[in-house]
Amino acid sequence: MTGDGSAVRGPDTVLAPARDVLTRRSDRAVLVCTDRRAEPLVLRDTALAVWDSFASGARVSEVVDELRVRFDGDPGQIAPAVESLVAELTEAGALEPAP
Amino acid sequence: MSVDTATVDAVERAAARIAGHGLAGVEAGMPVYAGDASSSEWAALVAVVASRRLAGLAVQAADDGALVAAPDARQQLVGLHEQQLAVDLELERHLRACARVLDSCGVEYRVLKGPALARYAYARPELRSFADVDVLVRGHQFDDAVDALVDARGLVRRYTEPRPGFDRRFGKGVCLTASDGLELDLHRTLSAGPYGALLDVDALFDSAPTVVVIGGRAVPALAVELAFVHACMHAVLGGSATPLVPLRDVATLAELMTAGELDSAARFSRASRVEAIVRLAVARAAETFAWTPPATVAARFERASLRGFDRWALAAYRPDAPSYPAQAAATFWVLPTLRDRVAYARALVWPDRSYLTPRDGSHARRLSRSATLGLRWRPR
């Protein structure tokens with residue numbers, strides 16, 4: 001297992017908000033607080049869309065596809081961006097493999 | 001930038017409208033308009049919304065058309081709301097960690113006010129922000145709780161007690177501060193002064209708690225009817241001249257209680273001699289928000305008149321005058337036994353040096369001041 005936990009994640013991994021995560025929603029963002037980070041993460045725009053997708057139970061590949069369709073984006077750019085965000089959220093303890 | 005009196009009054013009225021927004025007993029009136037984002041009126045309103053932690057209700061009011069705000073002004077409110085939400089989350093994390101400590105050492109507790117009410121009494125937690133965490137413990141576990149939280153979480157007492165054991169036996173509680181500035185108010189009772197001293201704290205633990213889940217952890221809070229009585233006490237006795245959020249809690253909980261919970265609230269407030277306080281709180285919420293309380297709540301408490309005791313005791317809680325010395329002096333006269341009064345007076349009149357030095361400086365000065373206060377507050 002690598003330090004960022006990427007070995008436990010693949011495109012078919014279903015991720016969900018961690019059971020101990022604390023959240024609040026504003027008009028335009030979700031704030032996510034965990035024990036691993038001093039300050040809450042503030043997720044907006046595409047990051048918010050990613051979070052909401054995982055909150056309803058989605059595979060990483062499904063999230064990439066959803067974003068590609070919604071934002072008409074380049075798959076070559078979206079997948080790494082999603083992977084990067086997933087890594088950050090997992091490292092922060094905000095996302096974990098769904099039970 | 002100075003703001004004229006008329007603007008201050010208008011801003012206070014607007015803040016009250018915001019604080020009452022969403023209550024079933026408030027009729028929709030003319031929308032509040034506070035100027036555009038560049039106006040002094042808007043700046044004054046934002047300042048009040050920020051200081052009273054009303055941003056969630058303000059954004060909701062703007063969304064519902066009850067507060068007229070230009071797009072840039074609304075975005076300002078949203079930004080303010082996000083700042084408050086970040087604090088709320090850090091406080092919830094702090095509460096959860098403290099709850100773990102208390103659970104691990106077998107201390108029974110109840111979470112009070114904002115962190116609990118946000119989760120179960122308001123339509124969504126984002127509508128109720130808070131500034132700190134309040135937890136109630138029983139007197140005989142008070143010192144254990146303080147020691148456990150200091151040891152495990154590195155919390156620091158904000159104020160020393162007059163003598164060891166004073167807070168556990170007579171105090172309202174103690175403020176514990178974390179290294180990041182977050183506060184936890186550990187309560188021994190629900191109010192300072194004579195009303196807090198008379199409260200049957202054990203009865204607060206007799207009712208099954210309302211359980212709220214904070215970040216995956218089940219945490220016990222006061223039962224709804226007791227939270228209502230506490231909200232009333234806090235609104236009337238808490239020391240603020242315009243307690244918008246406590247009054248909103250009063251109204252929110254009044255609208256939430258079932259008939260059975262209302263019965264329990266009435267019984268508890270009668271047994272604790274705070275019926276008149278509840279009536280005052282409901283009346284003030286009605287006046288502040290142009291709110292019509294549920295008929296059952298109004299009927300239950302409308303005949304609770306101020307007795308001589310209330311008129312005497314309430315004078316110690318005036319928000320426009322320094323209240324701690326008055327409350328301390330008044331408390332002496334309601335303590336149940338001579339032994340309690342002797343111990344109480346000894347601790348306050350002749351405290352430890354660490355308590356005395358920053359306050360009166362000398363025992364002689366304190367003795368003189370204490371005697372004057374004690375006589376002034378003697379019940380007539």
Side-chain angles (χ1 to χ4, degrees), chain A residues 4-5 8-9 13-58 60 70-71 81 84-99, chain B residues 53 55-64 67 69 71 73-100 114-115 118-119 122-130 133 153 178-182 212-219:
Chain A
D4 65 0
V8 301
R9 289 196 316 274
T13 304
V14 178
L15 296 172
R19 278 156 288 183
D20 62 349
V21 77
L22 295 156
T23 63
R24 288 290 197 277
R25 298 196 81 102
S26 77
D27 195 48
R28 59 195 182 191
V30 65
L31 288 81
V32 178
C33 183
T34 72
D35 285 339
R36 294 188 203 172
R37 279 179 59 105
E39 293 181 0
L41 288 157
V42 184
L43 307 179
R44 305 184 197 283
D45 305 318
T46 50
L48 177 58
V50 169
W51 177 264
D52 284 344
S53 293
F54 285 124
S56 52
V60 175
R70 191 194 294 194
F71 296 103
S84 174
L85 178 61
V86 166
E88 183 183 2
L89 292 173
T90 305
E91 181 68 25
L95 279 181
E96 64 186 15
Chain B
R53 291 181 175 75
L57 287 169
V59 171
Q60 187 67 61
D63 289 347
D64 295 340
L67 172 65
R74 189 180 174 286
Q75 285 308 304
Q76 199 177 359
L77 282 180
V78 172
L80 178 60
H81 190 206
E82 288 177 359
Q83 289 174 27
Q84 290 185 352
L85 293 177
V87 173
D88 294 343
L89 287 173
E90 291 179 29
L91 285 168
E92 283 198 331
R93 182 175 58 191
H94 180 49
L95 168 60
R96 183 177 62 190
C98 292
R100 280 193 200 113
R119 287 278 175 180
Y122 285 74
R124 36 194 189 90
E126 289 83 358
L127 296 177
R128 178 56 166 92
S129 286
F130 33 94
V133 170
R153 297 281 299 155
S179 57
D180 56 7
L182 296 180
V212 294
V213 178
I214 295 179
R217 187 171 196 90
V219 172

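Letters A, B, ... mirror the listed sequences (proteins, then strands); counts begin at 1. This structure is a prediction, so every number in the text was calculated from the model and none was measured.
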Determine whether a donor-acceptor pair (N or O, by modelled atom type, separation under 3.5 Å) exists between the side chain of A:Arg24 and the backbone of B:Leu89. no
Any side-chain heavy-atom pair from A:Pro40 and B:Glu90 closer than 4.5 angstrom? yes
Side chain to side chain, A:Arg28 and B:Val78, heavy atoms closer than 4.5 Å: yes
Under the criterion side chain to side chain contact (heavy atoms under 4.5 Å, CB included), I'd like the reasoning laid out for B:Arg124 against A:Arg25: C-alpha separation, chi angles, the key distance, then a yes or no. CA-CA 10 Å; B:Arg124 36 194 189 90; A:Arg25 298 196 81 102; over 6 Å; no
Top contributor to chain A contacts, counting heavy-atom pairs under 4.5 Å, from B:Arg96, B:Arg217, B:Gln75, B:Arg74: B:Arg96
Locate the shortest heavy-atom distance separating B:Arg93 from A:Ala38; write the atom from each residue and the value. NH2-O, 2.6 Å
Quick one: what part of B:Leu77 sits under 4.5 Å from any heavy atom of chain A, side chain, backbone, both or neither? neither
[X] [atom1] to [Y] [atom2] distance, which is reported to the nearest 0.5 Å:
{"X": "B:Leu80", "Y": "A:Ser26", "atom1": "CG", "atom2": "OG", "value": "11.5 Å"}
{"X": "A:Leu22", "Y": "B:Leu85", "atom1": "CG", "atom2": "CG", "value": "12.5 Å"}
{"X": "B:Gln84", "Y": "A:Leu31", "atom1": "CD", "atom2": "CG", "value": "12.0 Å"}

